[in-house]
Amino acid sequence: MLSEKSKIEKKILCFGILISLFFIFSTPTRAQEIVDKTVATVSDSVRTELITYSDLLWQLAMQPGVSLTPPTSEDLNRALQTLIDQRLFALEAQRLPYSEPTKAEIDAEIKRILAQFPSTAEFQRRLNIVGFESVTDDNFEQIIEQRVAIEKYVKFRFESFVVITPEDELKYYRDVYTPNFRRDNPGLLLPPLDEVRVRIRQELTAERVSRDVEQFLDEAESRANIVILNKV
């Protein structure tokens with residue numbers, strides 16, 4: 001079962017986190033086989049973010065088990081919603097100062113993505129299909145840099161302001177952790193609160209961040225002008 005933190009990462013970082021593409025990247029020869037088009041725009045009346053068909057394919061390439069030849073309409077539309085959410089974060093993030101991702105952070109994110117695939121060769125094959133030469137392709141690294149930047153923004157914007165009290169920990173331990181543990185581990189001795197306090201704080205934090213992110217996206221989507229130019 002995915003933890004709340006994993007769900008956030010999937011949604012956001014997935015999901016994590018592509019900040020903005022104001023232009024279509026120049027791509028290697030293989031990418032020219034893809035007929036690109038602008039699929040949607042997301043605007044806050046000051047700035048406009050583009051979502052291209054290539055963006056959708058790049059998003060799908062980083063998802064294990066998702067077909068690229070050809071991609072399904074369902075997968076493309078799911079990628080489109082993810083990218084709309086990311087563009088909403090991008091518009092907000094541009095209003096606030098943030099620290100640039102470091103090379104170590106970018107490399108760690110690439111390593112995390114690679115670990116989801118059977119091999120580096122399999123992941124590189126998917127990158128080749130959507131127009132990248134390899135995991136060291138400058139354009140690919142730029143996308144990962146943007147993904148890390150979004151993750152850092154989310155942590156700053158939401159996670160850093162979460163306050164978990166001892167009362168919150170006790171209630172979660174009693175009402176959530178204990179019944180779940182007894183259901184999943186029949187016959188095992190329930191660990192005391194002090195032994196699982198760190199885990200509980202992490203889960204409570206992830207839960208609250210998830211709630212705040214959902215609220216932010218709902219409000220941001222209602223304010224933004226989202227135009228679908230081409231159905232996928």
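Quick note: residue numbers are just sequence positions, from 1.
Between D107 and K103 a salt bridge is recorded (basic side-chain N to carboxylate O distance below 4.0 Å). With respect to the salt-bridge test (charged N to carboxylate O, under 4.0 angstrom), the residues R147 and E151 do not qualify. D168 and K171 are not joined by a salt bridge, as no carboxylate oxygen comes within less than 4.0 angstrom of a charged side-chain nitrogen.
In this structure, A61 and V130 approach most closely via the heavy-atom pair CB-CG2, 3.9 Å. When all heavy atoms of T136 and S134 are compared, the pair lying nearest together is OG1-OG, 2.8 Å. Between E141 and V135, the shortest heavy-atom contact is CG-O, 3.8 Å. In terms of heavy atoms, E105 sits closest to P101 at OE1-CA, 3.3 Å. Between L83 and Q59 the shortest heavy-atom distance is CD2-OE1, 4.0 Å.
Contact of the E159 side chain with the R208 side chain is not registered, since no non-hydrogen atoms from C-beta on lie closer than 4.5 Å. Side-chain contact check for F181 versus P191: some heavy-atom pair is nearer than 4.5 Å. Looking at heavy atoms from C-beta onward, R126 lies in side-chain contact with F117 at the 4.5 angstrom threshold. Within the 4.5 Å cutoff, the side chain of L76 has no heavy atoms near those of the L80 side chain. Within the 4.5 Å cutoff, the side chain of I143 has heavy atoms near those of the M62 side chain. In this structure the side chain of V42 never reaches within 4.5 angstrom of the side chain of T48, judged on heavy atoms. Proximity of T102 to I106: side-chain heavy atoms (C-beta onward) are nowhere separated by under 4.5 Å.
By the rule that hydrophobic residues join a cluster once side-chain heavy atoms approach within less than 4.5 Å of another member, L188 and V176 end up as members of one cluster. No path of Ile, Leu, Val, Met, Phe, Trp and Tyr side chains, each step under 4.5 Å between heavy atoms, connects L91 with V46, placing them in separate hydrophobic clusters.
N77 places a side-chain N or O within 3.5 Å of a backbone atom of V232 that can act as its donor or acceptor partner. With hydrogens and angles disregarded, no donor-acceptor distance shorter than 3.5 Å links the side chain of T38 to the backbone of A40. Side-chain N or O atoms of D36 include one that pairs as donor or acceptor with a backbone N or O of S54 at under 3.5 Å.
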Salt bridge (Lys or Arg N to Asp or Glu O under 4.0 Å) for D75 and R78? Distances and angles first, verdict last. CA-CA 5 Å; D75 286 336; R78 187 161 46 245; 2.3 Å; yes

Show, in sequence, the C-alpha distance, side-chain angles and deciding distance for L114 and K111, and conclude whether the side chain to side chain contact (heavy atoms under 4.5 Å, CB included) test is met. CA-CA 5 Å; L114 283 172; K111 184 177 180 180; 5.6 Å; no

Report the C-alpha separation of L190 and Y177 in whole Å, then their side-chain angles, then the decisive distance to 0.1 Å, and conclude whether the side chain to side chain contact (heavy atoms under 4.5 Å, CB included) test is met. CA-CA 10 Å; L190 177 70; Y177 181 85; 4.0 Å; yes

As a quick check of understanding, evaluate side chain to side chain contact (heavy atoms under 4.5 Å, CB included) for E92 and R157, giving each step before the final call. CA-CA 10 Å; E92 177 69 14; R157 174 67 170 75; 4.1 Å; yes

Between Q86 and Q146, is the side chain to side chain contact (heavy atoms under 4.5 Å, CB included) condition met? List the steps. CA-CA 10 Å; Q86 291 172 348; Q146 294 164 343; over 6 Å; no

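With values rounded to the nearest 0.5 angstrom, K37 atom NZ is found 13.5 Å from I51 atom CD1. In this structure, N185 CG and N180 CG are separated by 10.0 Å, a value rounded to the nearest 0.5 Å. Atom CG in L204 sits 14.0 Å away from atom OH in Y173 (nearest 0.5 Å). The distance from the CZ atom of F123 to the CD1 atom of I110 is 8.0 Å, given to the nearest 0.5 Å. The distance from the CD atom of Q124 to the CD1 atom of I129 is 11.5 Å, given to the nearest 0.5 Å. Note that the OG1 atom of T205 and the NZ atom of K155 stand 12.0 Å from one another [nearest 0.5 Å].
Counted within 6.0 Å of CZ on R199, heavy atoms from surrounding residues, nucleotides or ligands total 12 or fewer; the atom is thus considered open. Applying the 6.0 Å contact sphere to CD of E74 captures no more than 12 heavy atoms from other residues, nucleotides or ligands.
The list of ring pair (Phe, Tyr, Trp, His ring centres under 6.0 Å) pairs with a residue in residues 182-203, not counting sequence neighbours, is empty.
Residues D55 and T52 bring a donor and an acceptor atom of their side chains to less than 3.5 Å of each other. For the residue pair D138 and Q142, no side-chain donor N or O sits within less than 3.5 Å of a side-chain acceptor on the partner. Side-chain atoms of R125 and N128 include no donor-acceptor pair closer than 3.5 Å. Under the 3.5 Å distance criterion, with hydrogens and angles disregarded, no donor-acceptor pair is assigned to the side chains of T41 and S43.
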Name every donor-acceptor pair, under 3.5 Å, that has one atom in a side chain of residues 215-229 and the other anywhere in the protein, sequence neighbours excluded.
unit_1, atom_1, unit_2, atom_2, d
Q215, NE2, E219, OE2, 3.2
S222, OG, E219, O, 2.6

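Aromatic pair F132/W58: ring centres closer than 6.0 Å.
Using the six-membered ring where Trp is involved, Y153 and F89 have ring planes that are perpendicular, over 60° apart on the 30 and 60° scheme.
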